[in-house]
Amino acid sequence: MEQTLPLHRAEESKPEEGPSHGAGDAGGSPKPVGRLRLLSSEKDFWIYLGKNTIGRRKRCQICLPAPSVSKDHALIEVLSPNGPHVLYDHGSLNKTQQEHMELFPHNASFLRDGDALLFGDVECQYFILRPEGAPEPPKESFEVPPAQPGTSASALAIEETPAPGRKMSSGVVMLEESDTEEEGEEVRNGAGKMRHLPVDGGEQCSL
């Protein structure tokens, strides 16, 4: 009796390419609502409304004849064109992963457009097809806002910082900072320092 082989992650096993099936193949030509891409061969499997079984059996809508895939491995269910796309693992031996996260058996997991999926060691990517007439989902904008108007260097008048004790053009004397009191300084209310400097005429100027 044919059995699922345990998966050894170090080994690579590529599934044989088979015909693409969909849940809506029988009777009429329904429109697909999703697309499952097999990354090893870039083969597409269409996803239709209802239940889309995934496994090694030929009767599965999505047949992946790889040794690491269980006969009844997983299920993708879509109940309405605008409804969620739901992925279930059917208790497979080698598990199902969505975006590198292993799914719990028989627990619903909502699919997003572009999700990376792994059935055993078969890598796939899932795409959600937008119904005709439906508005496109909003896209995040990464547009860089325009820069502020620049100022030419000639319009900037920058005066060189004078050394301590040197007079600036405005007549203000730059003083060197010190953490200790020096001769000629007074401290008032503990809030600052005052320095007395001699000026012309023998008078003192307080700063």
Side-chain angles (χ1 to χ4, degrees), residues 2-7 9 11-143:
E2 191 178 2
Q3 295 181 348
T4 303
L5 299 180
L7 176 63
R9 295 291 177 185
E11 300 178 0
E12 292 186 0
S13 178
K14 294 184 179 181
E16 299 176 4
E17 190 170 337
S20 175
H21 300 283
D25 284 348
S29 55
K31 295 180 180 179
V33 294
R35 177 165 55 94
L36 183 68
R37 166 157 290 192
L38 189 63
L39 297 183
S40 61
S41 62
E42 295 188 352
K43 178 188 174 98
D44 289 334
F45 294 91
W46 298 113
I47 303 297
Y48 296 90
L49 289 176
K51 296 181 178 181
N52 301 263
T53 56
I54 303 170
R56 202 173 69 245
R57 296 181 188 271
K58 292 183 179 180
R59 68 185 183 189
C60 290
Q61 278 78 27
I62 301 172
C63 180
L64 302 177
S68 64
V69 177
S70 298
K71 294 179 180 179
D72 184 16
H73 195 105
L75 170 74
I76 295 176
E77 185 176 22
V78 185
L79 297 180
S80 66
N82 296 317
H85 295 220
V86 187
L87 173 65
Y88 298 89
D89 178 83
H90 276 181
S92 60
L93 175 63
N94 293 315
K95 310 301 181 183
T96 300
Q97 292 186 24
Q98 177 186 4
E99 289 293 316
H100 310 291
M101 297 292 294
E102 191 174 290
L103 303 186
F104 290 102
H106 308 289
N107 280 17
S109 180
F110 294 98
L111 290 166
R112 298 175 298 271
D113 186 53
D115 273 356
L117 304 179
L118 192 66
F119 305 99
D121 64 351
V122 179
E123 296 180 343
C124 300
Q125 189 172 13
Y126 191 75
F127 299 95
I128 297 175
L129 302 183
R130 186 172 57 89
E132 293 183 5
E136 293 187 4
K139 297 180 181 179
E140 294 183 5
S141 175
F142 294 95
E143 183 179 356

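Just so you know, residue 1 is the first one in the sequence shown, and it goes up from there.
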key: Check: Leu93 main-chain N/O paired with Ser70 side-chain donor or acceptor under 3.5 Å   = yes

Mutual orientation of the aromatic rings belonging to His90 and His106 [parallel < 30°, tilted 30-60°, perpendicular > 60°] = parallel

note = In short, Lys71 meets Cys60 closest at the heavy-atom pair O-SG, 3.5 Å

inquiry  = Side chains of Gln98 and Leu118, heavy atoms from C-beta outward: is any pair under 4.5 Å?
reply    = no

ask   = Mind checking what makes side-chain contact (heavy atoms from CB on, under 4.5 Å) contact with Ile128, not counting sequence neighbours?
value = His85, Asp113, Tyr126

query = Under 4.5 Å between any side-chain heavy atoms of Phe119 and Ser92, yes or no?
reply = no

inquiry  = Let's go through Phe110 and Val86 carefully: what are the C-alpha distance in whole Å and the side-chain angles of both, what is the deciding distance for side chain to side chain contact (heavy atoms under 4.5 Å, CB included) to 0.1 Å, and is it a yes or a no?
reply    = CA-CA 5 Å; Phe110 294 98; Val86 187; 3.9 Å; yes

key: Thr96 vs Leu117, side chain to side chain contact (heavy atoms under 4.5 Å, CB included): CA-CA, chis, key distance, verdict   = CA-CA 7 Å; Thr96 300; Leu117 304 179; 5.8 Å; no

ask   = Checking side chain to side chain contact (heavy atoms under 4.5 Å, CB included) for the pair Val78/Lys51: CA distance, chi angles, key distance, verdict?
value = CA-CA 7 Å; Val78 185; Lys51 296 181 178 181; over 6 Å; no

ask   = Could you state the interatomic distance from CG (Leu39) to CD (Glu123), rounded to the nearest 0.5 Å?
value = 6.0 Å

query = Are Asp115 and Leu87 close enough, and set up right, to give a side chain to side chain contact (heavy atoms under 4.5 Å, CB included), and what steps lead you there?
reply = CA-CA 11 Å; Asp115 273 356; Leu87 173 65; over 6 Å; no

ask   = Could you give the distance from CG (Leu36) to CH2 (Trp46), rounded to the nearest 0.5 Å?
value = 11.0 Å

key: Residue pair Gln61 / Asn52, side-chain donor-acceptor N/O under 3.5 Å   = no

request  = For residues Cys63 and Arg57, report the shortest heavy-atom separation together with the two atoms involved.
outcome  = SG-O, 3.4 Å

ask   = Nearest heavy-atom pair of Ser80 and Leu49: which atoms, and what distance?
value = C-CD2, 3.4 Å

Arg35: partners by salt bridge (Lys or Arg N to Asp or Glu O under 4.0 Å), with sequence neighbours left out = Asp44

request  = Could you tell me whether the side chain of Asn94 and the main chain of Ser68 form a donor-acceptor pair under 3.5 Å?
outcome  = yes

His100 to Gln97 - nearest heavy-atom pair and separation = CA-OE1, 3.7 Å

query = Of the non-hydrogen atoms in Val33 and Pro81, which two are nearest, and what is the gap between them?
reply = CG1-CA, 4.5 Å

inquiry  = Does any part of the side chain of Phe45, heavy atoms only, come nearer than 4.5 Å to the side chain of Ile76, both counted from C-beta?
reply    = no

request  = Enter the distance from Phe127:CZ to Arg112:CZ here, rounded to the nearest 0.5 Å.
outcome  = 14.0 Å

request  = Verify the neighbour count for atom CD of Gln125: are there more than 12 heavy atoms of other residues, nucleotides or ligands below 6.0 Å?
outcome  = yes

request  = Can you see which heavy atom on Glu77 is nearest to which on Leu79, and at what distance?
outcome  = OE2-CD2, 3.4 Å

task = Nearest 0.5 Å please: distance from the CD1 atom of Ile54 over to the SG atom of Cys124.
result = 7.5 Å

key: Any Pro32 side-chain heavy atom under 4.5 Å of Ile47 side chain   = no

